[in-house]
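Source: prediction; values computed, not measured.
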Amino acid sequence: MSDFEPAIEAQLTGATVVMAMLVEVQFASGPFRVWTGLGTREFGGRNWQGIGSIIDISEITRLQNGQADPFEITVSAPEEIIRQGLIEFQTEALNRTLNVYLQFLNYDADTALGPPWQIRDGIMRGANLSVETGAQTLAIKCDTLSSRRNRPPFGMLTDRDQKARFPGDRGLEFVHSLDGKEIVWPVF
């Protein structure tokens, strides 16, 4: 059974199928889940608080050379998200995960069609607050989970770092001398 089978079956029977966006933020004090509808609903076995709308989720792009793209999500934020996501960002949100889901709903029966389908996941790196007449929006900047996959986990791949971790190791001692040289691989 595919993730879309309940939505396809409902569409084929003549039901009106709509989509809702769900955002799950893993703050240090606990998870916070919002969805683009009204009221509190249960999707995928978890409770989601309705905020009415998510203003913007940056488009999914593919960058050159295998780089992972950062993204930004902008929400019309309740006061609790503003407090945790901006004022207490360093302790509550920095380097914590944020997931975006798509939930299909049967509009006529007001029921969920299958489990939420994850479309974005990331690590929160920064936030901006915009205040306009009668509205506050919070823009959260995220890196994808693979943004830093090319970096070594605890430093740089240099001879000094290698010797600091493993005294006497000569594995990276001559790497700097290869810069700009043509390496000829043997032909067997």
Compare all side-chain heavy atoms of [X] with those of [Y] and state whether any distance is below 4.5 angstrom.
{"X": "Leu105", "Y": "Phe43", "answer": "yes"}
{"X": "Thr97", "Y": "Ile123", "answer": "yes"}
{"X": "Leu172", "Y": "Lys163", "answer": "no"}

Determine, using the 4.5 Å side-chain heavy-atom cutoff (strictly less than), whether [X] and [Y] are members of one ILVMFWY cluster.
{"X": "Leu22", "Y": "Phe104", "value": "no"}
{"X": "Leu94", "Y": "Met124", "value": "yes"}
{"X": "Leu113", "Y": "Val18", "value": "no"}
{"X": "Leu102", "Y": "Val100", "value": "yes"}

Between Arg96 and Gln26, is there a donor-acceptor pair closer than 3.5 Å when you use the side chain of the first and the backbone of the second?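 The answer is yes, because a donor-acceptor pair under 3.5 Å joins these two groups.
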Partner residues of [X] under the side-chain contact (heavy atoms from CB on, under 4.5 Å) criterion, sequence neighbours left out:
{"X": "Ala164", "answer": "none"}
{"X": "Arg160", "answer": "Thr158"}
{"X": "Thr74", "answer": "Ile55, Asp56, Glu72, Thr137, Ala139"}

Just distance, no hydrogens or angles: give the donor-acceptor pairs under 3.5 Å from side chains in residues 34-41, sequence neighbours left out.
unit_1, atom_1, unit_2, atom_2, d
Trp35, NE1, Gly39, O, 3.0
Thr36, OG1, Met21, N, 3.1
Arg41, NH1, Asp110, OD1, 3.1
Arg41, NH2, Asp110, O, 3.3

Pairs meeting criterion salt bridge (Lys or Arg N to Asp or Glu O under 4.0 Å) with involvement of residues 25-39, two or more places apart: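 Salt bridge (Lys or Arg N to Asp or Glu O under 4.0 Å) check on residues 25-39 returns Glu24-Arg33.
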Who pairs with Asp169 by side-chain hydrogen bond (donor to acceptor under 3.5 Å, both in side chains), at least two apart in sequence or on another chain?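 Asp169 satisfies side-chain hydrogen bond (donor to acceptor under 3.5 Å, both in side chains) with Gln162 only.
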Report the relative orientation of the aromatic rings in Trp48 and Tyr101; use parallel for angles under 30°, tilted for 30 to 60°, perpendicular for over 60°.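 Rings of Trp48 and Tyr101: perpendicular, as their planes differ by over 60°.
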Which distance, rounded to the nearest 0.5 Å, do you find between the CD of Glu9 and the CG of Asn106?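 The CD atom of Glu9 sits 12.0 Å away from the CG atom of Asn106.
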NZ/Lys141 to CG/Asn128 distance, rounded to the nearest 0.5 angstrom?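 Here the rounded value is 3.5 Å.
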Residue pair [X] / [Y]: nearest heavy atoms and the distance that separates them:
{"X": "Leu138", "Y": "Ala127", "result": "CD1-CB, 4.1 Å"}
{"X": "Glu92", "Y": "Ser29", "result": "OE1-OG, 2.8 Å"}
{"X": "Arg125", "Y": "Phe89", "result": "C-CZ, 3.6 Å"}
{"X": "Ala10", "Y": "Val17", "result": "CB-CG2, 4.0 Å"}

